[in-house]
Amino acid sequence: MTRDEMVKKLTESYEGYFDLNYYNNSPVGLFARCDFHIHNEKYVLVKSARLWETDCHEYVYIFSVENLTEEVFERCRAYVIQEGDKLIDPKPGHIYTYLTAVFICDDFTKEAKALLKKSKRYKSYRFSLNGWSEFRTFAVRARDRVSFHNKAAKESAKLVKKL
């Protein structure tokens with residue numbers, strides 16, 4: 001399977017549940033951003049008598065890169081965190097926001113693999129009263145489907161293995 005085929009298949013798998021935003025000629029190799037939002041609330045008799053409400057968000061950034069190196073990973077990681085932080089609204093009722101970076105590549109370096117595996121970022125808002133955000137990342141080499149991920153992306157990586 002080629003890199004383009006894998007990127008297409010991955011975006012199609014997200015299409016049913018996520019809102020997709022495609023990027024053309026992105027300087028960091030960004031192919032698409034997939035947005036997922038959940039809003040729950042409980043009220044009594046009328047909506048103005050709200051008992052509670054929760055908001056959960058996930059933003060998946062899909063990168064298609066020829067060769068994943070330390071420099072490329074750091075640049076893309078910084079982009080995801082910078083752009084993702086703009087999308088986070090830590091208000092009462094916010095539970096979590098996941099920022100996920102997915103790399104579909106032709107090849108990767110050992111250093112980039114080690115850096116990706118130990119990469120982490122967890123941020124709580126008002127001592128987690130207004131939720132938290134977490135950075136998750138994984139990469140897949142298209143030709144032989146070798147994949148690896150950081151600890152936070154364990155569940156997300158299962159999706160790619162199924163594909």
### Task
Start with the C-alpha distance between Arg33 and Asp19, add both sets of side-chain angles, then the distance that settles salt bridge (Lys or Arg N to Asp or Glu O under 4.0 Å), and finish with yes or no.
CA-CA 8 Å; Arg33 187 186 80 208; Asp19 298 327; over 6 Å; no

### Message
Before you tell me yes or no, could you show the steps for Val146 and Val140 under side-chain contact (heavy atoms from CB on, under 4.5 Å), namely the whole-Å CA-CA distance, both residues' side-chain angles and the distance that decides it to 0.1 Å?
### Response
CA-CA 6 Å; Val146 170; Val140 179; over 6 Å; no

### Task
Would you please test Asp4 and Lys9 for salt bridge (Lys or Arg N to Asp or Glu O under 4.0 Å) and show each step?
CA-CA 9 Å; Asp4 292 335; Lys9 193 169 187 175; over 6 Å; no

### Task
Carefully, step by step, assess Glu83 and Lys86 under the rule salt bridge (Lys or Arg N to Asp or Glu O under 4.0 Å).
CA-CA 5 Å; Glu83 293 300 313; Lys86 294 176 186 175; 3.2 Å; yes

### Message
The test is side-chain contact (heavy atoms from CB on, under 4.5 Å); show your working for Lys151 and Lys120 and say whether it passes.
### Response
CA-CA 8 Å; Lys151 286 184 181 181; Lys120 64 181 178 179; over 6 Å; no

### Message
Does Asp106 form a salt bridge (Lys or Arg N to Asp or Glu O under 4.0 Å) with Arg141? I'd like the steps, not just the answer.
### Response
CA-CA 5 Å; Asp106 291 331; Arg141 185 167 52 198; over 6 Å; no

### Message
Test side-chain contact (heavy atoms from CB on, under 4.5 Å) on Val102 and Thr137; report intermediate values, then the result.
### Response
CA-CA 6 Å; Val102 179; Thr137 184; over 6 Å; no

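Nearest approach of Arg50 to Tyr43, heavy atoms of both residues: CA-CB, 3.8 Å. Shown here for Ala152 and Glu134, the closest heavy-atom pair between the two residues is CB-OE2, 3.5 Å.
With a 4.5 Å cut-off on side-chain heavy atoms, Cys105 and Asp107 do not count as touching. Side-chain atoms of Leu10 and Ile104, non-hydrogen and from C-beta on, do get closer than 4.5 Å to each other. A 4.5 Å side-chain heavy-atom check between Phe108 and Val65 finds every atom pair outside the cut-off. Here the side chains of Tyr79 and Tyr61 are in contact, with some heavy-atom distance below 4.5 Å. The shortest side-chain heavy-atom distance between Met1 and Arg143 does not fall under the 4.5 Å cut-off. Side-chain atoms of Ser26 and Phe31, non-hydrogen and from C-beta on, never get closer than 4.5 Å to each other. A 4.5 Å side-chain heavy-atom check between Phe63 and Val28 finds at least one atom pair inside the cut-off. The closest side-chain heavy-atom distance from Asp35 to His57 is not below 4.5 Å.
Using the six-membered ring where Trp is involved, Tyr14 and Phe18 have ring planes that are perpendicular, over 60° apart on the 30 and 60° scheme.
Few gaps surround CD on Glu41; more than 12 heavy atoms of other groups in view lie less than 6.0 Å from it. Counting heavy atoms of neighbouring residues, nucleotides and ligands inside a 6.0 Å radius, atom OH of Tyr17 does not exceed 12 of them.
Take Lys117 and apply the side-chain contact (heavy atoms from CB on, under 4.5 Å) test, not counting sequence neighbours, and it matches Lys113, Phe148. Every salt bridge (charged side-chain N to carboxylate O under 4.0 Å, His left out) that Glu58 has, sequence neighbours left out, goes to Arg136.
Residues Val80 and Tyr23 share a single hydrophobic cluster, defined by chaining ILVMFWY side chains whose heavy atoms lie under 4.5 Å apart. Hydrophobic clustering keeps Val7 apart from Phe73 (ILVMFWY residues linked when any side-chain heavy atoms are closer than 4.5 Å, directly or through intermediates). Tracing side-chain contacts under 4.5 Å through hydrophobic residues (I, L, V, M, F, W, Y), one never reaches Phe36 starting from Tyr59; they form parts of separate clusters. Linking Ile, Leu, Val, Met, Phe, Trp and Tyr whenever their side-chain heavy atoms come within less than 4.5 Å puts Leu20 and Met6 in one cluster. Linking ILVMFWY residues whenever their side-chain heavy atoms come closer than 4.5 Å, directly or via other members, places Tyr122 and Tyr98 in the same cluster.
In this structure, Arg77 is positioned above the aromatic face of Phe135, its NZ or CZ under 6.0 Å from the six-membered ring centre and within 45° of the axis.
Atoms CD and NZ, from Glu15 and Lys8 in turn, are 10.0 Å apart once rounded to the nearest 0.5 Å. Atom CG of Leu68 and atom OG1 of Thr109 lie 6.5 Å apart (nearest 0.5 Å). If you take OG1 on Thr100 and CD on Glu155, they are separated by 12.0 Å, rounding to the nearest 0.5 Å. Distance check: Tyr96 OH to Ser133 OG gives 13.0 Å after rounding to the nearest 0.5 Å. Taken from CG in Leu87 to OG1 in Thr97, the straight-line distance is 8.5 Å, to the nearest 0.5 Å. Here the OH atom belonging to Tyr125 is positioned 10.0 Å from the CG atom belonging to Asp89, to the nearest 0.5 angstrom.
With ring centers used as reference points, Phe103 lies 6.0 Å or more from His149.
When the options Asn40, Thr54, Ile38, Asp55 are evaluated for a side-chain contact (heavy atoms from CB on, under 4.5 Å) with Ile95, the one that passes is Thr54.
At distances below 3.5 Å, not a single donor-acceptor pair connects side-chain atoms of Ser119 with backbone N or O atoms of Leu115.
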